[in-house]
Protein chains: 2
Amino acid sequence: MFSKACEYGIRASIFIAERSLMGMKVSLKEVANAIDSPEAYTSKILQKLSRHEIVSSEKGPNGGYLIGPQQIEKVMLNEIVFAIDGDKVYQGCGLGLPKCDGAKPCPAHHQFKIIRDELKEMLETTTIKSLTLGLSESLTFLKR
Amino acid sequence: MFSKACEYGIRASIFIAERSLMGMKVSLKEVANAIDSPEAYTSKILQKLSRHEIVSSEKGPNGGYLIGPQQIEKVMLNEIVFAIDGDKVYQGCGLGLPKCDGAKPCPAHHQFKIIRDELKEMLETTTIKSLTLGLSESLTFLKR
DNA sequence: CTTTTATCGGACAAATTTGTCCACTTTAAT
DNA sequence: ATTAAAGTGGACAAATTTGTCCGATAAAAG
């Protein structure tokens, strides 16, 4: 569904969000360990999220990543997906046609549109913050 | 959503099905041209579909690909997806965890499950044959 | 039975994605 | 000021996916 980079990005964001809600910053190492991802690769992904102003980063000793109080209320899943995978999730044709829309659809356009619209709706209405709730109660997990 | 190979596979199957309904066989070249895909790569994909008995192939002069009369009524989208991409579409975790289920879910498990279940339902109930209808009426297209 | 036309399948090549390494910059603490 | 601890970013490497080539195989037609 998403690229691996995007999956890491979402997991990382959820972890950072959870800690940020507790008033904590987290280091790259902590993130990579928490979500079980390669450290250097995760670094690249966090840089992207940082440039898109989804997470904030601080250099130097006691530096690390965080999501600010205003941001944490606003950041939706779709922003992370867009920052890393771009808009292909939304506009891409289910059968891979370079262009495909209601005016000149692929044979499965209608069927896929229903699914895609729901995916879009879900990504646009799900906050990162909401996904941290189960985490802190140990009802959900970021690695396994 | 699917691999490119899988997209080619679905497009090819729909094209072959349409022609088969008209009592025709089609050559590799015709398939590749109809769905605008690389010929040799398409060949690999058709071989997979052939081994999975989704399409039939005939060698020699006047050979080509077809979907038999019984098969054409039965073949569902999900069989093609499974033949090429395996079951990762169904069982894969939305956040990329190696394992993720109701007992130990990722933070977005519930949200993704809804989408995934619908995708699964759609793939399992959509016949290739049904997708050829719009094609023959030029309401839908396999390349663009 | 030979030739021609088609798919089959293995080896190879290119492109993309994923992952690693390391020198650089920033910043806090001493 | 110096040092140490962090993220930054560019170059490189590995793995996977996508795509190509070509000889082998099968079958129909002359």
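Letters A, B, ... are given to chains in the order of the sequence lines, protein chains preceding strands, and every chain is numbered from 1.
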Could you tell me how far apart A/K29 (NZ) and C/dT20 (P) are, to the nearest whole angstrom? 14 Å
For D/dA6, does either OP1 or OP2 sit under 4.0 Å from a side-chain N or O belonging to A/S57? no
So, OP1 or OP2 of C/dG9: does either fall under 4.0 Å of a side-chain N or O from B/K48? no
Side-chain donor/acceptor of B/E118 to backbone N/O of B/K113, under 3.5 Å: no
Would you kindly give the CD-to-P distance between A/E30 and D/dG7, to the nearest whole Å? 9 Å
Check the distance between C/dT18's C1' and A/I35's CD1 and give it to me in whole angstrom. 14 Å
When you get a sec, tell me which of D/dT8, D/dG19, C/dG19 is the closest nucleotide to the side chain of A/K4? C/dG19
Contact under 4.0 Å: A/R51 side-chain N or O vs D/dG9 OP1/OP2: yes
Could you check which of D/dT8, D/dA28, D/dT20 has an atom nearest any side-chain atom of B/A40? D/dT20
Nearest whole Å is fine: how far is D/dT16 C1' from B/D85 CG? 13 Å
For B/S3, report the nucleic acid contact type (base, sugar-phosphate, nothing); a contact means any heavy atom under 4.0 Å. sugar-phosphate
Gap between atom SG of B/C6 and atom CE of B/M1 - 0.5 Å precision: 11.0 Å
Short side-chain N/O contact from B/Y8 to OP1 or OP2 of D/dT18, under 4.0 Å: no
If you check the B/S50 side chain, which of C/dT20, D/dA27, C/dC8 turns out closest? C/dC8
For C/dA29, take OP1 and OP2 only and decide whether either is under 4.0 Å from a side-chain N or O of A/N62. yes
Has B/S136 got a side-chain atom pairing as donor or acceptor with B/T132's backbone, closer than 3.5 angstrom? yes
May I ask you to say what B/E39 touches in the nucleic acid, namely base, sugar-phosphate or nothing, with a heavy-atom cut-off under 4.0 Å? nothing
Should B/D101 and A/R144 count as an ion pair when the cut-off is N to O under 4.0 Å? yes
From NZ of B/K88 over to C1' of D/dT16, roughly how many Å is that when rounded to an integer? 10 Å
Determine: side-chain N/O of B/Y65 to OP1/OP2 of C/dC8, distance under 4.0 Å, yes or no. yes
Tell me what A/K44 touches on the nucleic acid: a base, only sugar-phosphate, or nothing, going by heavy atoms under 4.0 Å. base
B/K59 side-chain N/O to D/dA24 phosphate OP1/OP2 under 4.0 Å: no
Spacing between B/Q47 atom CD and C/dG10 atom C1', to the nearest angstrom: 10 Å
B/I14 and side-chain contact (heavy atoms from CB on, under 4.5 Å): which single residue from B/T140, B/I80, B/I67, B/L135 fits? B/L135
Compare side-chain N and O positions of B/S27 against OP1 and OP2 of C/dT5 and report whether any pair is under 4.0 Å apart. no
Both A/G60 and A/Y41 contact DNA chain C. Taking the nearest nucleotide for each, which residue is further toward the 5' end? A/Y41
